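Each remark here refers to the structure printed beneath this line.
What you see is a predicted model; the values in this text were computed from it and never measured.
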Amino acid sequence: MSRSPINRRRRKRSGPMRLVRALALAAVVLVLCALAGGWYLYRDLAGSIGTSHALGDNAPKSVGGDTNILLMGLDSRKDQNGDDLPPEVLDKLHAGSSDIGGYNTNTLILLHVPADGSKAKAFSVPRDDLVDIPGHGQDKIKKAYGLEKARTEEKLAAQGVTDRGKLETAGREAGRRAEIETVRNFLGVPIDHFAEVNLAGFYHLADALDGVTVCLKHPVKDKYSGADFPAGKQTLNGQQSLAFVRQRHGLDGGDLDRTRRQQAFLASATQKLASAGTFTDPVRLLNLLNVAKQDLVTDKGWDLMSFLKQAKNVSGGNVAFATLPIERFAKHRGEDVNIVDPVKIKQIVAEQTNPVHSTPPTTPGGSPAPAPSKAPPAPSPPVIDGGGIPCVD
């Protein structure tokens, strides 16, 4: 009797760090949604955070006040300048050396924030979905950034550019543009803003919050992730939080239970961000600002103050999370990939984001996407409520 594709997939890929990257990205962006501590703090943040022109002035935009934000988590062990992360940080991240990784966007989340203040929706795009990457043919969606970054740097080097900083900056901008275009074509909706973070963002955020409270139904001990916790509620520091969200071994549901840990962590983190003490404590607030400055890059021209007013529900944990579906698993150029139905994906996203508020999505060829009225029902998304700390197995 053959093993099911799901079980086979679990055996082949543990992907322990991609959940960490998802948490890093989601949590750092939640900081942006919650930072409303005053005009001077805003000016300090807006003037210091990394910015990019990759989105482009002529990119399609949502209308009616809704906002679509693409959250990109890089697999890179490098900082924003292309320099190696400090060895002590890599050691705590359990991420290996700075030579590992590259510039794959192993976390891709589309965050849809409605203009009317209703529940935001976050769509996770599996990193190994096989899609069309403009200029590179079909490949894993996570590769768009790195493929175009490498090609751009090679072209510039052939033209005689030798300055490392210029090559890194130009390569990253090209990579961002390619990833944004690829995701926009795949999902069929406008992308109004984007935020990019590297591996270190999660660790820095957890420490800036002075720990995050979680709840376990049973004690756990796992040598692979380093998780060693008693049952009940407890506050974890940055390194312990990494172990908590990485644990897969010893859990009945394997990767599914690890996903529940991710959701539980986000529920707790957003609750702490929304608590009264977080933004009245000058030291903690300064630490949060430093996280955003150190680990985050956003599109230039994003009016963060206006977005903060619109997205206050996001910082309170009022977000519905869903993972976009895959059809089956396959091999492509010797690598494991997810086979997806682009028509179904566009239908689900359009239906869930209320397409009346957006410019009509199109396929890469320019034709309108299929009408969402015939879309199959989207998977029921787990709702993360910032008002409580759910216990997990």
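For the side-chain contact (heavy atoms from CB on, under 4.5 Å) test, residues two or more places apart in sequence or in another chain that qualify with Asn237 are Asp207, Gln239, Gln240. With sequence neighbours left out, Lys217 forms a side-chain contact (heavy atoms from CB on, under 4.5 Å) with Cys391, Asp393. Pro134 pairs by the side-chain contact (heavy atoms from CB on, under 4.5 Å) definition with Glu181, Thr182, Asn185, not counting sequence neighbours. The salt bridge (charged side-chain N to carboxylate O under 4.0 Å, His left out) check on Asp139 picks up Lys143, Arg333, with sequence neighbours excluded. Partners of Glu154 under the salt bridge (charged side-chain N to carboxylate O under 4.0 Å, His left out) rule, at least two apart in sequence or in another chain, do not exist in this structure. The salt bridge (charged side-chain N to carboxylate O under 4.0 Å, His left out) search around Lys142 returns Asp128, not counting sequence neighbours.
When every heavy atom of Ser62 is checked against every heavy atom of Pro190, the shortest pair comes out as N-CB, 3.7 Å. When all heavy atoms of Pro325 and Ile348 are compared, the closest pair comes out as CG-CD1, 3.8 Å. The two residues Ala174 and Thr152 have their closest heavy-atom pair at CB-OG1, 3.1 Å. Across all their heavy atoms, Ala195 and Leu296 have their closest contact at CB-CD1, 4.0 Å. Nearest heavy-atom pair across Ala115 and Gly64 is CB-O, 3.5 Å. Between Trp302 and Phe194, the shortest heavy-atom contact is CZ3-O, 3.8 Å.
The pair Asp336-Lys331 counts as a salt bridge, with a side-chain nitrogen and a carboxylate oxygen less than 4.0 angstrom apart. In summary, Arg172 and Glu196 engage in a salt bridge, as defined by a charged side-chain N under 4.0 Å from a carboxylate O. Taking 4.0 Å as the cut-off between side-chain N and carboxylate O, Glu168 and Arg164 do not count as a salt-bridged pair.
Between the side chain of Asp192 and the backbone N or O of Asn68 there is at least one donor-acceptor pair closer than 3.5 Å. For the pair Asp299 (side chain) and His193 (backbone), a donor-acceptor distance under 3.5 Å is absent. No donor-acceptor pair under 3.5 Å is formed between the side chain of His332 and the backbone N or O of Lys140. Using modelled atom types, no side-chain atom of Glu179 and backbone atom of Arg177 make a donor-acceptor pair closer than 3.5 Å.
To the nearest 0.5 Å, atom CG of residue Leu108 and atom CG of residue Leu187 are 9.0 Å apart. Taking CD1 of Ile339 as the start and CZ of Phe329 as the end, the distance is 10.5 Å to the nearest 0.5 Å. The CD1 atom of Ile191 lies 12.0 Å from the CG atom of Leu111; values are rounded to the nearest 0.5 Å.
Cluster annotation: Leu167 is not connected to Tyr103 through the hydrophobic network of ILVMFWY side chains, with a link wherever side-chain heavy atoms come within less than 4.5 Å.
In this model, a donor atom of one side chain and an acceptor atom of the other lie less than 3.5 Å apart for His136 and Glu148. For the 3.5 Å distance criterion, the side chains of Ser52 and Glu173 qualify, holding a donor opposite an acceptor.
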